[in-house]
Amino acid sequence: ALRAPPQGGTAGGPAEPVPRRSLDTPTNLVMNRTIDADAAFPEQPIALPGGAVLAVRRAGTAAGGTPWLLLHGISSGAASWAGVAQALAAAGDAVIAWDAPGYGASTPLAAAAPTAGDYADRAAALLDVLSLPRVHLVGHSLGALMATALAARLGTARIASLTLVSPARGYALDADAAQRIRTQRLAALREQGVEGLAARLHERLLTADATDEQRALLHATALRLTAGGYAQAVELLVGSDLATLAAPLPRDLPRRVMVGSADVVTPPAACEALAAQLAAPFTLLPGAPHALPVQQPDALAAALRLPPSA
């Protein structure tokens, strides 16, 4: 059974200092085992009402507990969670991760510039089709925007807790930055293609001591991107603001923010500030980079299962 999830507060700001945890990461929690994503976390297509399909990966059985729903980042996919899923399943939990709409074999959304709410609609439909009454929800990087929108929509009746890992804040409140990011990312996609983008991801998303296997998993997952799905995700990134999405979160919905100390994409200071804004406990994982699920899956899984900070 899952341990108690983190306790939340109001989205508008904490009434008192929020808990902060810096985790020591024992050697045995840094991934030192072989992960075969297809074997440990097999993919299956899920047909949704209306004809859309979502590619999902599943592991473990909850045995009466609440399962985890894991939402990946912009240059990633469900397979990036393979190590986390294997660790959670070994602890007795059930895990589901999707390839977001437009990623891998998942049907893209209709809008050229979808909102976080559009992705939340598709995720809510997935929960219904899988007959999952309630889940612990985790969003990594861009997935934090989708997860927050889903949690705000479904509330505590369907969402047991919300964990934002290395969360992207979005650029909706800074028009100049939004246009710059859109231009840069879409130009890189046109000039380099998916293969070119995937080839260099490790330079910013992993640390120099990442293993060859970790780099290979990051690369192979990114190669499953589609140009159209990535372009839609860029529009989500530049058109969203995480704090705005979080404003309607129920006051009693447990939420927390986690990040690695070596994250250069969503720096720890920015993530800690976000945690304070959301009145959410903050956890820092030493030595972990932005692609935390890939490079430190066991440490992340252990942190997810910890009770809230005192």
Side-chain angles (χ1 to χ4, degrees), residues 1-16 18-19 46 48-50 52 54 56 62 64-72 88 93-98 100-101 109 114-165 167-170 172 236 239-258 271 274-283 304-309:
L2 294 176
R3 302 200 180 183
Q7 296 301 310
T10 65
E16 58 187 28
V18 297
I46 301 295
L48 304 181
L54 281 174
V56 305
T66 302
W68 299 88
L69 177 63
L70 312 178
L71 308 184
H72 63 79
L88 290 173
D93 300 340
V95 185
I96 304 98
W98 74 353
L109 296 165
T115 66
D118 293 326
Y119 289 91
D121 286 342
R122 194 66 60 88
L126 174 65
L127 295 183
D128 290 342
V129 168
L130 295 180
S131 299
L132 296 174
R134 206 160 184 250
V135 295
H136 289 289
L137 181 59
V138 183
H140 175 243
S141 195
L142 186 78
L145 299 172
M146 306 173 192
T148 301
L150 180 62
R153 176 163 304 176
L154 298 184
T156 55
R158 302 289 303 273
I159 306 300
S161 66
L162 173 65
T163 303
L164 307 179
V165 179
R169 296 288 299 265
L236 172 65
S240 302
D241 175 68
L242 182 55
T244 300
L245 293 172
L249 287 174
R251 292 171 61 92
D252 59 344
L253 175 68
R255 81 286 305 267
R256 56 186 168 183
V257 176
M258 298 181 179
C271 292
L274 174 67
Q277 187 176 3
L278 302 185
F282 175 75
T283 298
L304 288 172
R305 300 193 89 252
L306 282 174
S309 300

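Along the sequence shown, residues are numbered consecutively beginning with 1. Side chains are part of it too, since the values below use all heavy atoms of this structure and drop only hydrogens, waters and symmetry mates. All of these numbers come straight from a predicted model, not from anything done at the bench.
Between W68 and H136, the ring planes are tilted. Angles from 30° to 60° get that label.
Contact between V257 and C271 at its shortest, heavy atoms only, is CG1-O, 3.7 Å. Between P167 and A144, the closest heavy-atom pair is CB-CB, 3.6 Å. Residues G155 and P250 come closest through the heavy atom pair CA-CG, 3.8 Å.
Taking the side chain to side chain contact (heavy atoms under 4.5 Å, CB included) definition, one finds that A172 meets it with D241, sequence neighbours left out. Legend: residues meeting side chain to side chain donor-acceptor pair (under 3.5 Å) with T115, ordered by chain and number and at least two apart, are D118. In this structure, the side chain to side chain donor-acceptor pair (under 3.5 Å) partners of S141, at least two apart in sequence or on a different chain, are H290. Partners of R158 under the side chain to side chain contact (heavy atoms under 4.5 Å, CB included) rule, at least two apart in sequence or in another chain, are L127, D128, L154. In this structure A147 satisfies the side chain to side chain contact (heavy atoms under 4.5 Å, CB included) test together with L71, L137, L162, sequence neighbours excluded.
Contacts classified as salt bridge (Lys or Arg N to Asp or Glu O under 4.0 Å) and involving residues 129-144 (residues at least two apart or in different chains) are not found.
Residues L306 and T283 are not in side-chain contact: their nearest non-hydrogen atoms beyond the backbone lie 4.5 Å or more apart. Residues L70 and H140 form no side-chain contact, since every pair of their non-hydrogen atoms from C-beta on lies 4.5 Å or further apart. Residues L69 and L150 are in side-chain contact: their nearest non-hydrogen atoms beyond the backbone lie under 4.5 Å apart.
Annotation: the span from L274 atom CG to L242 atom CG amounts to 5.0 Å, rounded to 0.5 Å. Rounding to the nearest 0.5 angstrom, the gap separating the CE atom in M146 from the CG atom in L236 is 5.5 Å.
For the pairing with V129, the side-chain contact (heavy atoms from CB on, under 4.5 Å) check across L54, V56, I46 returns one residue only, I46.
Between the side chain of R122 and the backbone N or O of P101 there is no donor-acceptor pair closer than 3.5 Å. Of the possible polar contacts, none joining the R169 side chain to the A243 backbone as a donor-acceptor pair under 3.5 Å is found.
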Inset, instruction - Show your working on side-chain contact (heavy atoms from CB on, under 4.5 Å) between L278 and L164 and close with a plain yes or no. - result: CA-CA 11 Å; L278 302 185; L164 307 179; 4.0 Å; yes

